[in-house]
Number of protein chains: 2
Amino acid sequence: MPRPRSLQPDRLAAAAVAIIDRDGLAGLTMRAAAQELGLSTMALYRYVADRDELELLVCEWVLRDLDATVPDGPIWTENLKILSQRVRASLAAHQRVVPLLIANRQRCHAVLRWTESALAVLTAAGFDDADRVVALRGLVAYLNGALLQESLGALAGPGTLVMAALPAADFPLLRDTARRAGTVSADDEFDGGLSIVLRGLAAMVS
Amino acid sequence: MPRPRSLQPDRLAAAAVAIIDRDGLAGLTMRAAAQELGLSTMALYRYVADRDELELLVCEWVLRDLDATVPDGPIWTENLKILSQRVRASLAAHQRVVPLLIANRQRCHAVLRWTESALAVLTAAGFDDADRVVALRGLVAYLNGALLQESLGALAGPGTLVMAALPAADFPLLRDTARRAGTVSADDEFDGGLSIVLRGLAAMVS
DNA sequence: ACCTGAACACCGTTCAAGT
DNA sequence: ACCTGAACACCGTTCAAGT
């Protein structure tokens, strides 16, 4: 009579995410995850082959509720905006997972489904061949970069404060811009950058 | 009579970069760096306080020849393009350093000087206040994302091949786009994405 | 069938000692 | 003043053993 598994893969992923949210990416170790679940370290290897697989589990779990259906509004740039904001919303509560998502972007099923939908919007807008490749990769590059920047520290975080304290003689504009940065909300920054990319894409097909 | 230091900080950085180029980021350890230089591990701590400082040294070394002067061509988007391409050119031979650069973006002197110049171009183009913050961060988000994508694997790399082998029933567009991706050069991809962002920026001031 | 604990080959870093 | 080696508290993972 087989003893039932004491764990759902879901619970393992949730525990790992809880650790990341609490202690950061560096806090996620096989030992810490096992302890969070009240298991021995080696018990985890019954559920994942190695640490890499645990990280993939984390990615899928964080995006488990991501709506990857194609928005069908009349303006295609708005549809891309909706898709982009859905990703950001899913990650809002688990920002520090972002580096794992970038590393697993080609293996994570949720990401692949999202990408298929983004391509559907681009295709309907008239992109094809090399243009579609460049458009998708350009959008994804912005998303990855913007989400990563947010995950590494808020616009008003300590790094920006250091720049705000730079000598005015050497870095007048950077110093001034860093000071101004504190007044821009994270939402406005993301949406503003996204609008730049979307306007650039629109210029590509017109 | 003080014994002369057996090492220039430059040589330490160069050795660390050589390891990264050869064995990847994971290959860079304090022990490996010391061995590369024929020193004991602990000798390194006479030159850097910790591993973090070694990584900062790597960032400065890789960008040591980065020209951060402000291009003074008549078209400001072209000037931003030149600045962006200079960064990519500096990193071309050391792509795997990119994650370290992103992590140290607010401490690396070479990055700060570059950013000051990018801001000079944006300011001359008429950006100010919150618009300038959003414009800079949008451009930097694209650059970071694009350079990181390149550093994690070529457009024609194994990850793309996996996507090209996806089931046509579930991922028709992604599969097709991944197949097409192999025909787009890394240069064209980067420049194409950059053009999207620059056109979007131009639309912001007109 | 599922879980555990010891052990191995690694990390970064502290500390006391050598020349 | 500069460098070394042992040691400590960590990693991920292998393997043999327990129930």
Side-chain angles (χ1 to χ4, degrees), chain A residues 1-61 96-97 99-101 103-104 107 152, chain B residues 1-61 96-97 99-101 103-104 107 152:
Chain A
M1 189 147 83
R3 195 195 296 190
R5 290 191 161 203
S6 70
L7 220 56
Q8 250 76 2
D10 243 37
R11 281 202 57 216
L12 175 49
V17 172
I19 292 168
I20 294 173
D21 292 343
R22 192 178 63 227
D23 305 322
L25 262 185
L28 177 62
T29 67
M30 299 304 277
R31 282 166 169 89
Q35 192 172 17
E36 186 88 7
L37 293 159
L39 289 174
S40 77
T41 303
M42 293 316 299
L44 301 188
Y45 287 85
R46 195 143 297 276
Y47 301 91
V48 290
D50 50 26
R51 194 201 148 105
D52 246 44
E53 209 174 296
L54 175 57
E55 294 183 349
L56 180 55
L57 229 50
V58 164
C59 292
E60 301 288 9
W61 190 88
R96 286 140 114 185
V97 169
L100 298 188
L101 256 163
N104 288 282
R107 293 162 62 208
L152 292 177
Chain B
M1 187 144 83
R3 197 193 294 188
R5 290 190 161 204
S6 70
L7 220 56
Q8 251 75 4
D10 243 37
R11 282 201 57 216
L12 175 50
V17 172
I19 292 168
I20 294 172
D21 291 343
R22 193 179 60 228
D23 305 322
L25 263 186
L28 177 63
T29 67
M30 300 303 278
R31 281 166 170 89
Q35 192 173 17
E36 187 88 4
L37 293 159
L39 288 174
S40 76
T41 303
M42 293 316 300
L44 301 189
Y45 286 84
R46 195 143 297 276
Y47 302 91
V48 290
D50 51 26
R51 194 203 147 105
D52 246 44
E53 208 174 297
L54 175 57
E55 293 183 350
L56 181 55
L57 228 51
V58 164
C59 292
E60 301 288 9
W61 190 88
R96 286 142 109 183
V97 170
L100 298 189
L101 257 162
N104 289 280
R107 294 161 62 206
L152 292 177

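Protein chains get the first letters and strands the later ones, always in sequence-line order, with residue 1 at the start of each.
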S.K.: Go through residues 31-44 of chain A and report each residue with a non-hydrogen atom lying under 4.0 Å from DNA chain C, sorted by number.
M.R.: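 Residues of residues 31-44 of chain A that come under 4.0 Å of DNA chain C are, in numerical order, Arg31(A), Leu39(A), Ser40(A), Met42(A), Ala43(A).
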S.K.: Roughly how many Å is it from CG in Asp23(B) to P in dC11(C), rounded to a whole number?
M.R.: 11 Å
S.K.: Sub-3.5 Å donor-acceptor pair from the side chain of Asp23(B) to the main-chain atoms of Ala26(B), do we have one?
M.R.: no
S.K.: Can you tell me if Arg11(B) uses its side chain to pair, donor with acceptor, with the backbone of Leu37(B) under 3.5 Å?
M.R.: no
S.K.: Counting C-beta onward and ignoring hydrogens, is there a side-chain heavy-atom pair between Glu55(A) and Arg51(A) closer than 4.5 Å?
M.R.: yes
S.K.: Considering only heavy atoms from C-beta outward, does the side chain of Val48(B) approach that of Met30(B) to under 4.5 Å?
M.R.: yes
S.K.: May I ask you to test the Asp52(A)-Arg107(A) pair for a side-chain heavy-atom distance under 4.5 Å?
M.R.: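 Yes. Closest side-chain heavy atoms under 4.5 Å.
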S.K.: Compare the minimum distances between each of dC3(D), dG12(C), dT13(C) and the side chain of Thr29(B), then state the nucleotide with the smallest one.
M.R.: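 That would be dG12(C).
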S.K.: Which is true for Arg51(B) with a 4.0 Å heavy-atom rule: it touches a base, it touches only sugar-phosphate, or it touches nothing?
M.R.: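 Here Arg51(B) touches the backbone only, sparing every base.
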S.K.: Tell me whether Arg22(A) at atom CZ has more than 12 heavy atoms from other residues, nucleotides or ligands lying less than 6.0 Å away.
M.R.: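 Atom CZ in Arg22(A) is crowded, with more than 12 foreign heavy atoms closer than 6.0 Å.
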S.K.: Looking at every heavy atom in both Val17(B) and Trp61(B), which two are closest together, and how far apart are they?
M.R.: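 Shortest heavy-atom separation between Val17(B) and Trp61(B) comes out as CG2-CE3, 3.6 Å.
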S.K.: What integer distance in Å separates Leu12(B):CG from dC3(D):P?
M.R.: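 Roughly 12 Å, once rounded to whole Å.
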S.K.: Can you measure Met30(A) atom CE to dC8(C) atom P for me and round it to whole angstrom units?
M.R.: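 Rounded to whole Å, this separation is 21 Å.
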S.K.: Rounded to whole angstrom units, what separation is found between the CZ atom of Arg46(B) and the C1' atom of dA17(C)?
M.R.: 13 Å
S.K.: For DNA chain D, just give me the dot-bracket, please: Watson-Crick or G-U, both distances below 3.5 Å, ( ) intra-strand, [ ] crossing earlier pairs, | paired with another strand, . unpaired.
M.R.: ||.|||||...|||||.||
S.K.: Roughly, in whole Å, what's the span from CG in Leu25(A) to P in dG12(D)?
M.R.: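 So the two atoms are 12 Å apart, to the nearest Å.
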S.K.: Look only at the side chain of Arg96(A) and the backbone of Asp21(A), and say whether a donor-acceptor pair between them is shorter than 3.5 Å.
M.R.: yes
S.K.: Got Leu100(A) and Ile20(A) here, is their nearest side-chain heavy-atom distance under 4.5 Å?
M.R.: yes
S.K.: Given atom CD1 of Ile19(A) and atom P of dC11(D), what is their separation to the nearest angstrom?
M.R.: 11 Å
S.K.: Has Tyr45(A) got a side-chain N or O lying under 4.0 Å from the OP1 or OP2 atom of dT14(D)?
M.R.: no
